[in-house]
Amino acid sequence: MTSLIDRRMGIFLAGLFVLTVAVPVGNLAFEGKVVPSYIVSLLGKYLCYALLAVALDLVWGFCGILSLGHGAFFALGGYAMGMHLMREIGDRGVYANPNLPDFMVFLSWKELPWFWHGFDNFWFASLMVMLVPGALAFLFGWFAFRSRVTGVYLSIITQAMTYALQLAFFRNEMGFGGNNGLTDFKDVLGFPLQSDSTRAGLFVCTATALAAGLLIARAITTSKLGMILVCIRDAESRTRFMGYRVEGYKLFIFVVSAMMAGVAGALYTPQVGIINPGEFSPANSIEIVIWVALGGRGTLVGAALGAILVALAKTLFTGWFPEFWLFALGGLFILVTLFLPKGVLGLIEDTFARKKKPAPALQEAKA
Amino acid sequence: QDDTIKVGVLHSLSGTMAISETTLKDVMLMLIDEQNKKGGINGKMLEAVVVDPASDWPLFAEKARELIEANGVDVVFGCWTSVSRKSVLPVFEELNSILFYPVQYEGEESQKNVFYTGAAPNQQAIPAVDYLMAEEGVERWVLAGTDYVYPRTTNKILEAYLIGKGVAPEDIMVNYTPFGHSDWQTIVSDIKTFGSAGKKTAVVSTINGDANVPFYKELGNQGVSAEDIPVVAFSVGEEELAGLDTAPLVGHLAAWNYFMSVDTPENAEFIEKWKTFIGDDKRVTNDPMEAHYIGFNMWVKAVEAAGTTDADAVIDALPGIEVPNLTGGTSVMLANHHITKPVLVGEIQDDGQFDVVWETDGLVEGDAWSDFLPESAVLTSDWVELKCGNYNTETKTCGGASN
Amino acid sequence: MLDIREIDVFYGAAQALRGVSMTAHPGRVTSVLGRNGVGKTTLLRAITGRQQIRSGKMDWEGRDLSRLRPEARARAGIAFVPQGREIFPLLTVRENLETGFSLLPRRERRVPDEVFELFPVLAQMLGRRGGDLSGGQQQQLAIGRAMVTRPRLLVLDEPTEGIQPSIIQDIGRAIKYLRGKGDMAIVLVEQYFDFARDLADDFIVLERGQVIRAGTRADMDGDSVRNLLTV
Amino acid sequence: MSVHLLLDSVSRSFDGYKAINDLSLAVDKGELRAVIGPNGAGKTTMMDIITGKTRPDSGGVWWNQTVDLTRIDEAGSARLGIGRKFQKPTVFETHSVEENIALSLKAERSVLATLFHRQTEAEAARITELLALVRLEGDRHRPAADLSHGQKQWLEIGMLLAQDPELLLVDEPAAGMTDAETMRTAELLRSLAGKHTVIVVEHDMEFVRALDCRVTVLHQGHVLTEGSLDHVSANPEVIEVYLGR
Amino acid sequence: MSFLRACLLALLLPLLAAPALAQTAEFDALVTSLPEGSYGERGAVVGAIALTGDPRAEAVLTALLDGTLGVIEATGQVVTLTPAPADALTGAAVEGPAAKIRVNNGLRRDIRAALGILTLADPDPAKRLAAADAAFRAPDAAQYDLLDAAFAREENPAVKSRLAEARAVAILAGDFSDADKREAIDIIADRGDADAQRILTPFAASADLEIAQAATAALTAIQQSRMLWGYAQNIWYGLSLGSVLLLAAIGLAITFGVMGVINMAHGELVMLGAYTTYAVQEAIRQNAPGLFDWSLLIAAPLAFLVAGAVGVAIERGIVRHLYGRALETLLATWGVSLILQQSVRSIFGPNNREVGNPSWMSGSFDVGQMTVTWNRLWILLFALAVFAVLLFVMKRTAVGLQMRAVTQNRPMAASMGIRTNWVDALTFGLGAGIAGLAGVALSQIDNVSPNLGQSYIVDSFMVVVFGGAGNIWGTLAGAFSLGIVNKFLEPYAGAVLAKIIVLVAIILFIQKRPRGLFAVKGRAVEG
Ligand SMILES: Nc1ncnc2c1ncn2[C@@H]1O[C@H](COP(=O)(O)OP(=O)(O)OP(=O)(O)O)[C@@H](O)[C@H]1O
Ligand SMILES: Nc1ncnc2c1ncn2[C@@H]1O[C@H](COP(=O)(O)OP(=O)(O)OP(=O)(O)O)[C@@H](O)[C@H]1O
Ligand SMILES: [Mg+2]
Ligand SMILES: [Mg+2]
């Protein structure tokens with residue numbers, strides 16, 4: 001069957017590796033002159049998005065589950081990590097309360113709610129980063145797939161899920177800092193978050209996670225299981241008649257994807273310094289879908305590229321023409337759909353293919 | 001090294017908050033323009049650097065970093081929502097730059113690099129409630145707000161305050177709604193019912209942004225008049241009213257530190273300039289605009305005094321700086337990085353303006369840490385003497401934050 | 001009459017028809033024969049405008065067909081019974097039939113009686129959704145639907161597929177009847193050799209996208225054509 | 001011989017329309033059975049019920065006299081060993097012809113097994129063999145979407161064989177095939193009988209004759225008559241509703 | 001307050017009887033001093049004006065209350081501003097810039113109190129009713145005689161019954177006999193509303209046993225009827241919330257439900273409708289203020305056309321190239337929505353625009369104990385009308401049939417001679433146009449800002465899918481059931497939790513019915 005690392009994956013991973021080495025070195029060795037510090041966390045953020053896009057592509061591109069709620073898994077991962085970072089502040093908060101995060105103190109919480117326990121331990125938190133989104137995905141998927149909720153119905157209930165979570169996390173009673181979310185992080189594993197070397201370290205972690213995510217996704221999609229996922233995408237009912245329990249496959253990939261999204265969120269939180277319910281907003285989840293569609297659905301590398309491209313466009317456009325950037329971004333989306341049916345990756349590959357060899361010779365129609 | 005002084009403007013020009021923040025960006029451009037006409041500062045021209053954080057909180061942090069690191073701005077004027085401010089705080093702290101924050105907020109914060117030119121709760125909520133109690137004889141209270149930190153905190157402070165003033169807990173009704181709530185039928189009818197208990201009732205509204213228009217429309221349509229149940233709002237200003245037919249709302253109240261209708265020469269001049277700058281005779285001015293006006297002038301004075309835009313020097317120079325505000329007084333930057341402001345209570349008129357019906361005797365000092373919350377009553381902020389934003393007066397230590 | 005000359009059709013880079021020519025005349029049935037995957041459906045798709053031809057000529061009643069969009073071809077009197085039936089699944093049987101009205105003048109907008117005479121089951125099932133019908137019923141509906149438009153060229157792709165023997169006979173009779181009226185040309189793709197031979201006035205045999213045999217009914221008898229269809 | 005599949009007075013209606021009406025049918029192990037009947041008689045619906053796609057309103061469906069098929073879903077019935085070819089060919093369009101066959105091969109169907117599956121020599125050989133049988137060797141690497149209608153029919157037959165089921169439900173296999181291929185298909189199915197139980201639905205009487213087996217005639221969701229082809233086609237009612245004169 | 005009023009009354013009563021011409025000079029002086037002083041001082045002046053008994057007092061005070069009393073700053077002359085500036089005292093026309101005299105809540109209350117007394121004998125029954133109402137709101141035993149006299153001479157039944165209630169309140173507030181009080185309690189109890197409940201509550205604990213019993217019995221009855229009315233109220237609120245959801249979603253039921261295009265720009269099309277309404281109202285305000293009440297009727301067809309035209313442009317320019325690639329329409333229409341949002345922001349500015357309610361859309365009326373606001377009622381009717389028209393078009397017309405055929409199988413529809421291009425454009429245009437109509441209605445209850453669309457898009461998709469995509473009846477049922485469930489939850493759970501519960505309920509419901517409330521069933525969809 002297909003090899004684990006095909007050409008496009010190879011090129012992307014090689015590029016990623018170069019970045020992983022060059023960015024921290026360029027930043028640390030030259031005191032930020034070659035690569036300014038803010039570029040490091042910016043790129044780190046992009047790579048988190050890329051991992052999130054890969055996670056979505058896994059379920060959408062290969063299994064046809066258009067999740068409009070993947071932001072929820074990302075945010076949950078982010079919150080799990082945020083909770084740890086919050087705990088790590090200890091008594092250095094403004095109210096100097098060693099047991100409670102600031103927002104709890106000033107909302108007069110008397111003790112730490114049960115679900116905050118354990119998060120002072122980094123490893124526990126790291127586990128939760130995957131387990132919490134994974135558990136939610138399992139629960140949600142178990143019901144939905146068993147009931148054979150598909151297509152737009154599934155999309156919309158995933159949207160309802162993330163929307164409900166957004167509203168819930170807004171509530172101060174939930175104990176997650178309400179609208180402001182979790183902020184004011186000081187350090188992670190004892191390394192101050194505001195230092196360049198920590199940032200570089202986080203960047204390397206993110207790049208590694210992305211590479212690992214891509215490889216895992218690729219391993220899954222090139223396996224027989226991956227082919228069955230595509231069967232489910234194209235003709236779900238037919239797949240059942242072949243004896244495959246569709247719900248099991250969907251559940252598996254949905255949970256894997258949710259965990260991957262959770263990891264992306266966990267890496268995101270320390271790099272942007274805040275996690276708040278805005279991440280649960282339906283619009284955010286739609287944007288993830290847009291990254292994947294723009295990059296090229298069902299291509300993994302394309303999804304990652306799409307995420308990076310859109311984020312980059314947003315960064316540049318909001319700075320270049322703050323008043324009109326929506327025109328540029330909106331126009332970009334329209335043009336890509338109209339003229340690049342296979343996404344940005346398709347364009348890149350077509351250009352290369354054209355350079356390599358002239359148009360493919362006319363094949364014989366076989367009878 | 002540069003021959004201009006760069007001023008960062010960090011306000012959302014798109015997304016949900018653009019509705020409020022775009023105006024503040026324009027005000028900043030106007031103020032910078034004016035200053036340049038006066039010859040800049042210390043012989044250097046000012047240059048505005050505008051970016052769009054698009055109502056996206058993490059993007060605020062990214063853009064702040066970009067402004068400071070990539071664009072090399074010396075000061076940033078920006079943010080509206082608390083979460084956006086929270087999001088950029090670490091950036092300003094790390095890169096040691098200056099942020100002027102122009103919006104009323106829940107307090108409970110004082111940071112070395114941030115200057116709060118909007119109202120703290122004691123400069124808006126408490127005086128407004130005092131007015132209603134004293135002048136309108138209100139005994140029953142509806143605290144209605146959008147479900148997020150500012151209303152939650154403000155209502156918490158108010159509840160503590162009201163109960164301290166002898167209001168019975170059953171005479172306080174607290175109600176929260178989601179952002180952008182647009183169906184107010186049930187809540188308005190609940191308010192009516194709550195208000196028909198025989199005691200004079202008022203609504204203290206911390207309803208945010210877009211939700212206000214449908215709220216007031218529903219109030220008007222269900223015939224809740226200001227004479228029966230006045231609503232005093234902390235987030236509704238001239239800009240918000242510009243989107244409403246105010247005829248049914250006449251008499252409802254707002255508490256601010258500035259109203260466009262205030263009759264002072266400074267204000268007249270400001271309004272005049274604003275209308276010319278924006279090229280629209282119908283545009284209104286509002287409280288956060290004045291906050292930027294004050295903040296900007298304070299910063300200019302501080303830079304002039306320090307002779308440099310170097311952040312540390314300016315931060316040190318700012319406390320104690322006095323500039324005239326638009327309501328006829330002089331605002332002072334306090335050691336806790338908040339400013340002194342008058343508190344005005346205005347009634348909505350049918351032309352969309354507020355008529356000031358009450359104001360505090362003198363200027364009120366912004367208090368970073370509320371005296372009505374037990375945990376923060378013991379805290380104080382002083383960046384001049386104590387060099388601490390959260391000094392605990394009981395243990396005589398500075399909380400861990402400033403290391 | 002329909003006059004097709006030397007047309008080439010491609011799917012992407014793969015050529016499905018090479019220099020195919022054929023004609024169809026009013027009052028005559030032209031059978032298109034060939035094994036699986038030789039390009040029969042492709043030829044009909046080219047006639048009805050679903051697939052563009054790359055070269056060659058297609059004339060219908062003196063007009064150049066190749067530039068017309070599918071609906072214009074329908075309006076020019078060409079009706080299509082596609083392989084796979086393509087019933088509008090969520091429309092009722094009645095509505096499926098009525099989709100043919102759009103190209104008729106207002107007064108002629110009714111379902112011809114022949115349709116229900118030929119396929120009585122359709123009359124019983126007028127209110128049911130097309131997609132719920134059995135395969136064979138759908139096939140009957142597809143033929144009936146094509147007849148609603150009163151075509152002058154009827155293009156049928158394996159109309160007997162999945163249909164019970166008695167109705168196959170009826171369809172045969174119907175095609176004969178339509179041919180007998182003399183104003184309709186019929187192109188019939190059919191695998192069921194006896195049925196095709198029975199009806200055909202002219203025929204062509206395709207093999208790998210090319211016409212390997214063409215002739216009239218008389219040429220079809222005997223084993224030579226039948227042999228072309230075996231592997 | 002034991003009864004392999006038993007339908008015991010099964011009924012099913014859709015919005016009041018009785019598609020299957022008190023249908024009883026028994027098929028022995030290794031038997032080849034043809035089912036004919038007018039369009040809309042309920043033949044496809046019967047297969048839907050056997051495979052768990054449609055639940056009957058009443059009646060029982062028994063597998064090997066022990067397993068109640070009405071409680072089992074599509075995947076479950078496939079795992080029991082019931083394979084099906086659909087009336088309207090449905091193949092996995094983006095997969096290549098070869099992959100379509102490979103995925104159908106009899107093998108462990110669990111998530112983990114497929115995740116770690118590696119294709120064996122034997123499997124590869126079997127695929128080649130099947131492709132040759134359905135004459136799609138040349139189209140091996142084409143996406144199934146590109147096949148013509150008849151080729152998809154053949155591919156489905158190939159997929160069905162790859163599954164190697166105990167019971168084959170074959171819905172109109174000869175539709176869209178040339179007469180010669182129709183005969184070949186009949187031969188193929190006959191060769192399967194004995195080792196496998198086969199139920200074939202077809203309207204082509206030549207084909208049914210070539211199957212040379214017991215024939216069940218369905219009409220309005222009910223068994224009209226049963227017996228050899230000659231026997232049933234002599235039945236005036238069958239002639240009336242089905243064969244025509 | 002009430003002491004002041006009592007004094008005032010005591011002074012007023014004889015004055016009402018005596019001719020008051022001598023007071024003219026004093027009246028003039030008082031009126032001239034109206035613009036000056038604090039609100040408190042001016043409140044006293046208002047009282048004094050009423051006391052003069054001058055026949056012009058009512059007109060001046062009414063004008064002050066309505067905000068049509070002004071002052072020419074240069075001269076201090078007090079003028080009435082409508083219809084044309086005229087001297088408030090002499091009625092002579094005057095020239096010059098006049099500034100409105102401002103009033104605050106307290107002053108307004110003073111004016112109303114003063115007016116109430118002045119207008120109990122007004123020839124206009126509406127004013128008498130208002131006066132009676134005012135008296136009812138501010139119970140005052142001292143007013144008893146006055147009310148009793150008014151009651152005795154009143155002939156209008158509506159006013160009379162209100163006067164009876166006002167008198168009853170006055171009795172309950174004063175030192176009257178127990179029998180009188182019991183009778184008063186009965187009168188109040190008949191109202192059966194919140195006011196009655198408020199007034200009677202203290203008497204349930206009265207020392208007099210009979211009074212206490214009467215009050216308690218009345219209160220229980222009131223409570224029961226109020227509970228029933230509460231349900232009615234919730235249903236009504238639910239229906240009206242549902243009608244808003246229906247309007248927002250119904251266009252989507254076409255573009256998404258029928259055509260299968262994930263139209264993320266739907267919200268922006270709604271927004272365009274709202275902005276069209278704004279533009280129409282602006283034009284009317286500038287050119288023909290008299291037409292204001294017609295503004296919505298003018299705006300509706302225009303909004304349909306504007307949004308419909310934009311819809312057609314989107315379909316022709318973009319969506320047409322994407323049939324068969326359903327999910328990519330999401331990407332492209334998201335792009336369109338960003339562009340539309342920003343365009344509106346650039347053209348109209350980022351702020352809310354003012355869209356007024358025509359008079360027939362303002363205010364409310366009471367049905368029993370339930371308040372029904374006119375705008376909600378009209379919106380409900382409008383939504384139902386739009387729904388009915390749409391249903392008719394889709395199910396009963398040839399175009400509707402063609403639309404459904406084209407969306408189910410585009411190539412086959414073309415082969416049947418249907419002009420698919422035209423029908424596609426028309427269908428999308430119809431969906432978009434209906435979104436525009438929704439915008440007209442939403443402009444009456446919500447913000448008109450560039451964000452308007454975003455706030456409805458999630459709900460709209462939710463409604464369409466919950467109801468069952470592809471079924472217009474489903475959209476109707478979905479909208480109303482979500483609306484009603486939401487409104488029944490809200491009083492118990494609060495707005496935020498209610499919304500969360502509804503979302504979770506949708507998720508659970510879809511498990512039970514995986515294709516929505518009005519699922520399209522059968523072979524066709526199950527595949
Ligand atoms: N959409 C398509 N894309 C690419 N190739 C196609 C497509 N449709 C058909 N083909 C190829 O074109 C050739 C002719 O196909 P066509 O459908 O015309 O055959 P046919 O003669 O109708 O066969 P059948 O009897 O099986 O219906 C076949 O080789 C087929 O694989
Ligand atoms: N899901 C459904 N909804 C409504 N009616 C159905 C459904 N499934 C089957 N039917 C009806 O049941 C009857 C039997 O259909 P079925 O497909 O089983 O017939 P069949 O014997 O296979 O016919 P054919 O030979 O034409 O394929 C038909 O009238 C059909 O319309
Ligand atoms: Mg074919
Ligand atoms: Mg069938």
Side-chain angles (χ1 to χ4, degrees), chain C residues 11-12 14 16 33-42 45 82-86 119 121-122 124-125 127-129 132-141 157-158 160-173 189-197 205 226-231, chain D residues 14-17 19 36-45 86-89 134-136 138-139 142-143 145-155 171-172 174-184 201-208 217-219 233 238-245:
Chain C
Y11 288 111
L33 303 166
R35 282 179 288 111
N36 292 137
V38 295
K40 303 180 295 297
T41 298
T42 308
R45 288 168 61 89
Q83 193 162 29
R85 298 141 197 162
E86 304 203 23
F119 308 120
V121 67
L122 295 185
Q124 291 161 23
M125 303 202 157
R128 298 182 53 179
R129 260 195 304 251
D132 288 347
L133 298 189
S134 81
Q137 292 165 340
Q138 289 188 9
Q139 184 69 52
Q140 298 173 33
L141 176 56
D157 200 348
E158 307 200 14
T160 64
E161 185 179 324
I163 290 193
Q164 67 183 76
S166 63
I167 294 180
I168 293 182
Q169 292 168 19
D170 293 343
I171 293 175
R173 278 196 282 273
V189 166
E190 188 50 67
Q191 297 280 20
Y192 181 15
F193 184 77
D194 293 335
F195 182 80
R197 186 189 50 200
V205 180
R226 201 186 267 272
N227 281 342
L228 288 176
L229 302 179
T230 47
V231 183
Chain D
F14 297 101
D15 310 322
Y17 180 89
I36 62 174
N39 294 132
K43 304 179 294 295
T44 304
T45 309
F86 289 81
Q87 182 166 7
K88 178 168 180 266
V134 297
R135 301 200 191 164
L136 288 169
D139 299 294
R142 295 178 75 189
D146 288 359
L147 296 185
S148 80
H149 185 74
Q151 290 168 322
K152 282 181 190 164
Q153 290 268 40
W154 275 112
L155 177 55
D171 204 352
E172 304 201 9
M177 286 187 184
T178 59
D179 297 348
E181 281 176 326
T182 303
M183 289 306 131
R184 205 162 73 86
V201 166
E202 207 13 281
H203 290 297
D204 185 335
M205 287 303 116
E206 298 294 315
F207 175 85
V208 176
V217 186
L218 287 194
H219 179 46
S233 38
V238 174
I239 296 174
E240 170 66 30
V241 300
Y242 184 63
L243 293 173
R245 270 167 263 268

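Quantities reported herein were computed from a predicted structural model and do not represent experimental measurements.
- Put simply, CZ on D:R184 and OG1 on D:T178 are 9.0 Å apart, with the number rounded to the nearest 0.5 Å.
- If you measure heavy-atom distances from C:F193 to chain D, the contacts under 4.5 Å come from both the backbone and the side chain.
- With a 4.5 angstrom heavy-atom cutoff, C:Q137 touches chain D via backbone and side-chain atoms both.
- The residue among D:Q153, D:H149, D:K88 with the most heavy atom pairs within less than 4.5 Å of chain C is D:H149.
- Within the 4.5 angstrom heavy-atom criterion, no atom of D:T44 approaches chain C.
- Ranked by non-hydrogen atom pairs under 4.5 Å with chain D, the options C:G162, C:G135, C:S134 are led by C:G162.
- For the options D:A41, D:A19, D:G176, heavy-atom pairs under 4.5 Å to chain C are most numerous at D:G176.
- For a residue to count as touching a neighbouring chain, one of its non-hydrogen atoms must lie under 4.5 Å from one of that chain's; by this rule D:V201 does not touch chain C.
- Counting heavy-atom pairs closer than 4.5 Å to chain D, the top-ranked of the candidates C:E190, C:E158, C:K40, C:Q138 is C:E158.
- Side-chain contact check for D:L155 versus D:L136: some heavy-atom pair is nearer than 4.5 Å.
- Annotation: side chain of D:N39 is in contact with side chain of C:Q140 (closest heavy-atom distance under 4.5 Å).
- Cation-pi geometry between C:R35 and D:W154 is not met: the NZ or CZ atom fails to fall both under 6.0 Å from the ring centre and inside 45° of the normal.
- Closest heavy-atom contact between D:Y17 and D:G40: OH-O, 4.3 Å.
- Neither the backbone nor the side chain of D:F14 comes within contact range of chain C; no heavy atoms are under 4.5 Å apart.
- Of the atoms belonging to D:M177, heavy atoms from both backbone and side chain fall under 4.5 Å from chain C.
- C:L141 places none of its side-chain heavy atoms less than 4.5 Å from the side chain of C:F119.
- Side-chain polar atoms of C:Y192 and D:T182 form no donor-acceptor pair below 3.5 angstrom.
- The greatest number of non-hydrogen atom pairs below 4.5 Å with chain C, out of D:H203, D:M205, D:E240, is found for D:H203.
- Contact annotation: the side chain of D:Y242 never approaches that of C:S166 to less than 4.5 Å [non-hydrogen atoms, C-beta and beyond].
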